[in-house]
Amino acid sequence: MAIQLKRSYKFAYRTAAFIAISLMVLLGFFMWYKNVLDWFFLAVFALFSFGISFFIVQLRIEKFIYRRIKRIYDDVTLLESSSLSSRTITTDMGTLTQEIEKFAQDKKVEIDTLKIREEYRKDFLGNVSHELKTPLFTVQGYLETLLDGALEDKNVRKKYLIRANKAVDRLIYIVNDLDLITKLEASELNVNWEVFDIIELIKTNFELLEMKASKKQIALTFDMEYKKPIYVRADAEKIRQVITNLLVNSIKYGNENGTTEISVENLIQNKVIIRVTDNGEGIPEQHIPRLFERFYRVDQSRNRKEGGSGLGLAIVKHIIEAHEERIYVESVEGVGSEFSFTLEKNADPKEVIV
Ligand SMILES: Nc1ncnc2c1ncn2[C@@H]1O[C@H](COP(=O)(O)OP(=O)(O)O)[C@@H](O)[C@H]1O
Ligand SMILES: [Mg+2]
């Protein structure tokens with residue numbers, strides 16, 4: 001890569017001046033001592049010695065320093081061609097030092113980022129295999145017991161098969177969540193903007209989860225009767241996923257005979273806030289900041305029986321952030337939790353058409 005070098009004469013200029021002055025003083029002293037002091041001669045001598053020194057110094061610098069600097073630039077540019085090549089480069093040492101320092105700094109930041117990413121990748125893989133192992137071993141356990149003779153036992157074989165099947169369900173559940181979160185993180189899933197009635201969407205969600213909720217006698221309700229539709233602009237399918245995840249959590253971590261309530265309120269001019277409130281077990285304060293991390297679960301042992309991948313809230317956060325909206329959580333242990341998120345409100349589409 002050809003680099004333009006802007007020559008700098010400052011160094012040669014100063015060095016030559018120093019040499020000329022020193023020689024002039026020396027010669028002046030000598031002439032004065034010999035009583036032949038001639039100011040004119042001294043001035044001409046100084047001028048010549050300045051000229052000659054300047055010439056020699058500059059030539060030497062060109063030969064021994066500038067070329068090397070240029071090579072350093074060429075090498076650095078090879079590595080970082082995008083950021084360096086566009087600038088004119090000076091042979092001034094100060095600028096070179098600055099450039100190299102900046103280059104080193106940039107590289108350090110880059111290496112740090114890569115290290116963090118690598119760490120995260122290792123973590124992620126570790127977590128995935130850990131999460132998959134438990135249900136896989138469960139399936140294996142039941143199958144082995146069946147093969148070892150339990151198959152003949154009419155009383156237990158169906159029970160074991162049902163349990164193995166449950167573990168397979170859990171595997172599928174985890175893999176689906178993983179699939180979704182990987183896509184979300186690779187930003188493959190773009191927000192498919194559309195206008196829809198959020199109330200209708202919540203109602204459908206309630207219906208789909210009614211069975212699950214009734215097993216724990218948990219009531220899924222609105223905070224009031226919403227007679228009119230509330231239109232929002234978002235990706236309906238993804239928001240459905242958000243509400244499902246929040247509702248499933250409120251059921252999983254809710255108390256028997258509890259209630260999960262959803263409210264949709266106007267926030268500022270063009271925003272609504274959707275709150276999902278339960279009176280379940282709540283979340284201890286120290287866990288709240290990490291709740292949205294992948295695989296993070298408050299109480300590993302207690303939650304195990306509930307199944308789940310610890311990915312639900314991470315998915316929720318991704319989706320809300322892809323919409324450039326915010327998600328909040330408030331929770332008191334033993335009292336309940338409230339998860340809320342904002343969405344962009346849209347005027348009634350029928351009104352827009354008129
Ligand atoms: N409504 C809630 N009430 C109490 N704890 C909750 C609630 N929602 C989430 N949590 C806690 O946050 C953790 C993370 O939730 P999530 O990401 O959905 O993972 P999962 O449900 O698979 O465990 C849960 O394990 C649970 O401890
Ligand atoms: Mg969950």
Side-chain angles (χ1 to χ4, degrees), residues 120 123-124 126-135 138 166-185 202 205-206 208-209 212-213 215-221 223 238-263 273-322 327-341:
Y120 161 69
D123 236 43
F124 188 77
N127 278 322
V128 169
S129 46
H130 178 82
E131 290 299 321
L132 293 178
K133 253 189 232 161
T134 325
T138 312
K166 252 197 179 155
V168 172
D169 277 350
R170 184 161 149 63
L171 272 176
I172 292 173
Y173 177 89
I174 295 172
V175 171
N176 279 341
D177 271 3
L178 275 172
D179 194 39
L180 188 62
I181 202 155
T182 318
K183 280 188 187 144
L184 283 169
E185 288 188 356
I202 297 169
N205 246 318
F206 277 167
L208 287 172
L209 292 169
K212 207 179 174 77
K215 276 188 194 153
K216 271 179 108 169
Q217 263 106 51
I218 287 177
L220 305 175
T221 63
D223 65 321
K238 295 205 181 71
I239 297 303
R240 194 195 53 72
Q241 175 87 52
V242 166
I243 293 171
T244 306
N245 286 8
L246 294 179
L247 284 177
V248 168
N249 278 352
S250 81
I251 298 168
K252 272 204 310 203
Y253 310 111
N255 294 324
E256 297 256 335
N257 297 313
T259 315
T260 299
E261 201 176 83
I262 295 196
S263 70
I273 184 160
I274 294 124
R275 294 181 213 272
V276 181
T277 317
D278 64 55
N279 49 11
E281 66 188 43
I283 303 155
E285 208 182 324
Q286 72 269 25
H287 294 285
I288 292 182
R290 301 195 56 192
L291 224 51
F292 294 98
E293 288 174 21
R294 332 171 176 71
F295 301 110
Y296 192 81
R297 312 188 72 193
V298 170
D299 181 343
Q300 298 286 346
S301 56
R302 183 178 53 176
N303 289 348
R304 277 278 171 256
K305 71 171 173 16
E306 289 293 356
S309 58
L311 289 171
L313 288 179
I315 290 172
V316 164
K317 186 164 182 258
H318 268 301
I319 294 178
I320 298 301
E321 281 177 355
I327 173 134
Y328 309 92
V329 53
E330 272 176 50
S331 187
V332 178
E333 197 178 2
V335 177
S337 318
E338 179 182 285
F339 288 83
S340 52
F341 61 94

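For clarity, every value in this text was computed on a predicted model and none was experimentally measured. Remember, it's 1-based here, ligands and their atoms both numbered in the order they're listed.
Close contacts between ligand 1 and Gly282 involve ligand atoms 4 (C) [criterion: under 4.0 Å to a heavy atom]. Here is the list of ligand 1 atoms found below 4.0 Å of a heavy atom in Leu313: 9 (C), 12 (O), 14 (C), 15 (O), 16 (P), 17 (O), 18 (O). Under a 4.0 Å criterion applied to the non-hydrogen atoms of Gly310, ligand 1 contributes the atoms 17 (O), 19 (O), 20 (P), 22 (O), 23 (O). Every atom of ligand 1 with a heavy atom of Leu291 under 4.0 Å away is listed here by number and element: 12 (O).
Residue Phe339 touches ligand 1 through its side chain alone, judged by heavy-atom distances below 4.0 Å. Within the 4.0 Å heavy-atom criterion, both parts of Val298, backbone and side chain, lie near ligand 1. Residue-level proximity to ligand 1 for Lys252 is carried by the side chain, the only part with a heavy atom below 4.0 angstrom.
Looking at ligand 1, you won't find any N or O of Tyr296 less than 3.5 Å from one of its N or O atoms. Distances between N or O atoms of Glu281 and those of ligand 1 include no value under 3.5 Å. Distances between N or O atoms of Asp278 and those of ligand 1 include at least one value under 3.5 Å. Polar contact with ligand 1: absent for Ala314 (N/O pair, distance under 3.5 Å).
At distances below 3.5 Å, not a single donor-acceptor pair connects side-chain atoms of Asp179 with backbone N or O atoms of Val175. Counting only distance, with no hydrogens or angles, the side chain of Lys212 and the backbone of Ile251 share no donor-acceptor pair below 3.5 Å. For Ser331 (side chain) and Gly336 (main-chain N/O), a donor-acceptor pair under 3.5 Å exists by modelled atom type. A donor-acceptor pair is defined here as one N or O able to donate and one able to accept, closer than 3.5 Å; no such pair exists between the side chain of Asn279 and the backbone of Asn255.
Taking 2.8 Å as the threshold, Asn249 counts as a candidate ligand of the Mg ion (ligand 2), since one of its N, O or S atoms lies below it.
Proximity of Glu131 to Arg170: side-chain heavy atoms (C-beta onward) are separated by under 4.5 Å at one or more points.
Of the options Tyr253, Phe295, Phe292, the smallest heavy-atom separation from atom 21 (O) of ligand 1 is shown by Tyr253.
Using cut-offs of 30° and 60° for the angle between ring planes, the Phe292 and Phe339 rings count as perpendicular.
Between Phe341 and the choices Val329, Val242, Ile319, the side-chain contact (heavy atoms from CB on, under 4.5 Å) rule is met once, by Val242.
Atoms CG and CD, on Leu184 and Gln241 in that order, are 8.5 Å from each other to the nearest 0.5 Å. Expressed to the nearest 0.5 Å, how far CG of Leu311 lies from CG of Leu180 amounts to 9.0 Å.
Distances from ligand 1 to the non-hydrogen atoms of Ile283 include at least one value under 4.0 Å.
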